[in-house]
Structure formats: structure tokens, C-alpha cells
There are 2 protein chains.
Amino acid sequence: MITEGKFTKGTPCRDCPLRPLPLFRPFKAEELAFVSHFKIGELAFGASATILAEGEQSEHLFTVLSGWGFRYKMLDDGRRQILNYVMPGDIVGLQGTLMGEMQHSIEALSPVVLCVFQRDRLAELYREHPDLAYDLTWIAAREERMLDENLLSIGRRSAVERAAYLIAFLYQRAATLELFSSGWSVIPVTQQHVADTLGLSIVHTNKTLKKLAARGLLRWAEKGCDVHDIDGLLALAGWDGLSEPKRPLI
Amino acid sequence: MITEGKFTKGTPCRDCPLRPLPLFRPFKAEELAFVSHFKIGELAFGASATILAEGEQSEHLFTVLSGWGFRYKMLDDGRRQILNYVMPGDIVGLQGTLMGEMQHSIEALSPVVLCVFQRDRLAELYREHPDLAYDLTWIAAREERMLDENLLSIGRRSAVERAAYLIAFLYQRAATLELFSSGWSVIPVTQQHVADTLGLSIVHTNKTLKKLAARGLLRWAEKGCDVHDIDGLLALAGWDGLSEPKRPLI
DNA sequence: CGGAAAATTGATAATTGTCAATCGTCGTGG
DNA sequence: CCACGACGATTGACAATTATCAATTTTCCG
């Protein structure tokens, strides 16, 4: 298990594999130039590595370039709550960068590569590139929106509804990123991750997922959850699904 | 019940009653000048008025000048989840302003007065006042942090711990705003609000609060919760409490 | 005074958690 | 190639927590 990430120079932003996705809003040439300058390299982690730890002063700001991870907090006695998942295009470490210490940890679910940005230059970003500054706020507001949904789900949905919501949520996020191109759609989480996201015990989570499988909505596959019927999941959760217009990528 | 707010010219920012609080970071003269110009008036609501409704296009951006409110979402069948509370100095409507439609509603707990900002001028804020833009992002990150804590609480704490956490959280936020100057400390919520925040039923919430009262940690007073032993609540919740350095006010 | 909203209570039911195994898969070392 | 061990999934039995139902009581206000 790699805990320290491996640093490399990485690919230049102009060759960014993410930016061409239809999901992301177009980027002005000067913005691209600035971001290229803002990025100082890449950091690679293995699956289950700790990317950022609670209590750390984060020196840098990151964008996920590839891979899946999750943000979580723990209580003193070890109870863990997964707050949200991070996927390509997500910004990571912003809370820590703005407010000092990280108040949550981030762990890799699969091998993860981050773009590394120099914290010092953030002021320059705000000074010289108001559009990018706006984008940062936008991205923070988007995270808030996801957390609102999660809170609603954990607080008020039943176990089955909650599970359906979570799987549908992850499926849709990954689908818009075109992570399922290869034909099947496996979300790389264990049932323990699902349990820690839903606020349920592992045993009850297992029984709940079985119910969803019995309805033909999903199947538990090798190393994750294979979605069979996204519409069924959405209906069961009573959720409209993600409504994401074009979003910024930094 | 007032649903439409009453609009007035309001007090000029230079006489803002909030800004002098030690909680808020100092403000440069030019920032004050811009914000004065950014603010177009005030909007007053009565207790239990709907300040913003899910689905609305919000024309404006607001800062709470006085009063308590809460943000919430509902499922189709009426189940309600309170996401967070809003208090003086909090920004309201940012999600809607940035991303289009509001995805949650906001209701007043007590009479509330908002400062109203012209949405159109937001671009100008980003262009001309990078420090204020930074503050906006900072405030969004702060909200995210509070939501993280809430999520941890709802997902992983027991009913009693959850209730203790919530009351301590609200108490501390109000205390830093010096809302309890008059000697006693009553949080203006009903048990239904507590229930909808904790994700519990009203009956079980009542029994849970009784347990806290039996331990001498609080008492249910007229129109709210009177905190008797904040340290006891913090200890019971296993929570360190709010750690807020100076924060920006817009 | 009357009525409505909020708080309280006890009884009972449903949901979810805990315990204790078992099973399956997979990678490693012999 | 096979045994071993680790981790994750699965199960059944039972316990604890939380929800629901159905009153009552209390408080608040016009």
C-alpha cells in the first residue's frame, strides 16, 4: 500500500484527457495558459492509499485527474462516515487550503492521479483570473449541493431507498464522466464503503443490497457494484437524478 | 404568516451592527465601499415565513443581518430534512445564484432581516475585488465543513449523541455571535425542528431530549432549548466544538 | 375562553444492529 | 500444484434502537 504519492511532472494541461469531455465547459486560451502555469506536477497513489489526512496542513490544492476516492471523517472510537466520493474533475483539498487544517481525510478507492497546484499562486488566480475564481466558488457550491442530497438521504430515506439513491448517484456521476465506456458499469466500492456512506451496519447493508439485487436493479460483482437498472434505482429512491449543466474544470 | 418579505432601504453598511463583532475579520475601506454599493436594500420576514423556496430562480444574493432560519429539503411524500441553520453573517442563496435554481428551501425560525445584493454585480465583485471573491469561496467552504460534521453526526452518532451535538453546535454558533447577551441562552427551535435535523421521529426526539434534560445538560424552555451545560453536551457528543478563526462577512 | 400547536407518555411494531459463524475468492509461500 | 491466510460477502438468531399509534397534557394566542 502506497501512502506517499509518487510525484511526476505529468502531462501538460493542453493535453488534458479530461477537458475534451462534453461535460466540462469550454476553456479560454488564456485560462488554459494560467492553469498550465498553476499546475506544478502530478501525484499518483495506489488503491487504498491515504491521499490527505485530517489534521494535515495541506500545502497544495489538487484536481483529480483519474481514479476514484472518498472523503470521510471518523469519531474517536473508530466509527467512520463517508461524506462523499471524489472522481475525475473534482477539486480536493480546497477546505484545507482556504481554512488551514484539513477536517476530513481522503482515501483512494482505485489508483488515483492528482494534478498538483501551488497554493501560493491561489491569490494570483483570484487577482488575475476572476472567471477561474468564480469557477472555484461554483465547484464549492456543487459539493455543497451533493452534501445536501446526501444529508436528505441519510436523514430521511429508508435503508433500501438510501442504498438505491447512493448507487444511482455514483452511477450517474461516473456515467457523465464516461467512465463506463467498456460496456459494463462497475462501481469500485466494497459493501463496507456503502455501509459507511449510508450510516448502516455492514450486515444490514448486505441484506439491503441483496434486496436490490433480487429486484434486478444491480448485482454485486467482482470488486464492486454492477448497475443493471438505473431507472429502477432512481424510481425506488424517489430521486430525479443529477441535473448537471456544463461544469468548470480547473 | 408573512411569505413575501418586506423590502426597505435598510441601514447603510457603514453602520452595520454585525461587522464590529470580534468574530468577523476587519474590512478595508474600499471593500466597505464596494459592499455598500453592492447592497440594494433589506428584506424582512416574519417567523415561519418561507425565505427562499426550492425550484426558485433567485434573483438576488443575501446575507442574514438578524434572526434565525433553517435550510431544508423535502422528499415527495413530505419527509423533511433540515440541512443546516442560518444565522447572522451567513450568506443565503449562493447556490441558486451560481447554479441557477435553488435546490433547497429556507424558512425563518424567528423574524429575519436579510441584506439584499444585486446578482448582476457579482461579476463585478469577482473582477474588481478578489479579496471579496476569496471570501465568498471561503464562506462556501465553511458551509461545506458544517455539512460534513452534520453528516458524520447523522450517519454515525446515536440519538443521544446526535442531539447533544446539535444543541452544542447551535449554542456555539449563537454564542460566537453574542446572541445570548441577555443572560440566558435559548435556541428558538421546536422539537419538530430538532427531529427533522437529526433524522429522528418527533416522539423519539422528545424522549431523547428528556434524557439530556435528566442529566442537567439542558432544559426545554418556552419557545426553545435552554442550554445549561455546554461542556457536558460537548463531552457527550464526543465533539471538540467549533474552531472558528475570524471569518469574513459580506 | 377556545382552539391550535407543541410537548409528553405508554404500548406496540418495525427497522436496524450485534454476534457468531460460514463461504468464496484470491494471492502467497511451500 | 496445493495449503494457508486475509479479506469481503453472506446468513441466521437475537438484541437494541427507533418508529408508529393513540391519547393527554401543556402552552400559547387571539
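The sequence lines fix the lettering, A, B, ..., with proteins before strands; numbering per chain opens at 1. These numbers were taken from a predicted model, which means no experiment stands behind them.
- Of the listed nucleotides (C/dC19, D/dT18, D/dA9), D/dT18 has the atom at the smallest distance from the side chain of B/Leu200.
- For A/Ala159, the side-chain atoms get nearest to C/dT16 when compared with the rest of D/dG8, D/dA22, C/dT16.
- To the nearest angstrom, P of C/dA6 lies 18 Å from CD1 of B/Ile187.
- Side-chain polar atoms of A/Gln95 and B/Glu144 form a donor-acceptor pair below 3.5 angstrom.
- Comparing C/dG17, C/dT18, D/dA9 against the side chain of A/His204 picks out C/dG17 as the nearest.
- Between A/Gln192 and D/dG8 there is no side-chain polar atom (N or O) within less than 4.0 angstrom of OP1 or OP2.
- Considering only side-chain N and O atoms, A/Lys223 lies nowhere under 4.0 angstrom from the phosphate OP1 or OP2 of C/dG24.
- Place A/Glu222 and A/Thr205 on DNA chain C by their nearest nucleotides, and A/Thr205 ends up nearer the 5' end.
- Between the CH2 atom of B/Trp220 and the P atom of C/dA5 there is a distance of 19 Å, given to the nearest Å.
- Between the side chains of A/His204 and A/Ser201, no donor N or O sits under 3.5 Å from an acceptor N or O.
- The nucleotide whose nearest atom lies closest to any side-chain atom of B/Lys207 is, among C/dT16, D/dT11, C/dA11, C/dA11.
- Remark: P of D/dT18 and CD1 of B/Ile154 are 13 Å apart, rounded to the nearest angstrom.
- Side-chain nitrogen and oxygen atoms of A/Lys210 include at least one within less than 4.0 Å of the OP1 or OP2 phosphate oxygen of D/dT10.
- Side chain of A/Ser201, nearest nucleotide from D/dA22, C/dT18, C/dA7: C/dT18.
- Rounded to whole Å, the distance from CZ on B/Arg219 to P on D/dT27 is 13 Å.
- Two residues are said to be in side-chain contact when any heavy atoms from C-beta on lie closer than 4.5 Å; A/Ile91 and A/Leu94 meet this criterion.
- A sub-4.0 Å separation between OP1 or OP2 of C/dT8 and a side-chain N or O of B/Asn206 is present.
- Rounded to whole Å, atom P of C/dA7 lies 9 Å from atom CG of B/Leu209.
- For the pair A/Arg247 and A/Phe24, the NZ or CZ position fails the cation-pi test of under 6.0 Å to the six-membered ring centre and within 45 degrees of the ring normal.
- Judged by the 6.0 Å distance and 45° axis criteria, B/Arg157 is positioned over the aromatic ring of B/Tyr165.
- Going from atom CD1 of B/Ile202 over to atom P of D/dC21 covers 15 Å, rounded to whole Å.
- As judged by a 4.0 angstrom heavy-atom cut-off over every strand, B/Gly224 is placed among residues making no nucleic acid contact.
- Straight-line distance from the NZ atom of B/Lys211 to the P atom of C/dT8: 15 Å, rounded to whole Å.
- Note on B/Gln191: a side-chain N or O is less than 4.0 Å away from OP1 or OP2 of C/dT8.
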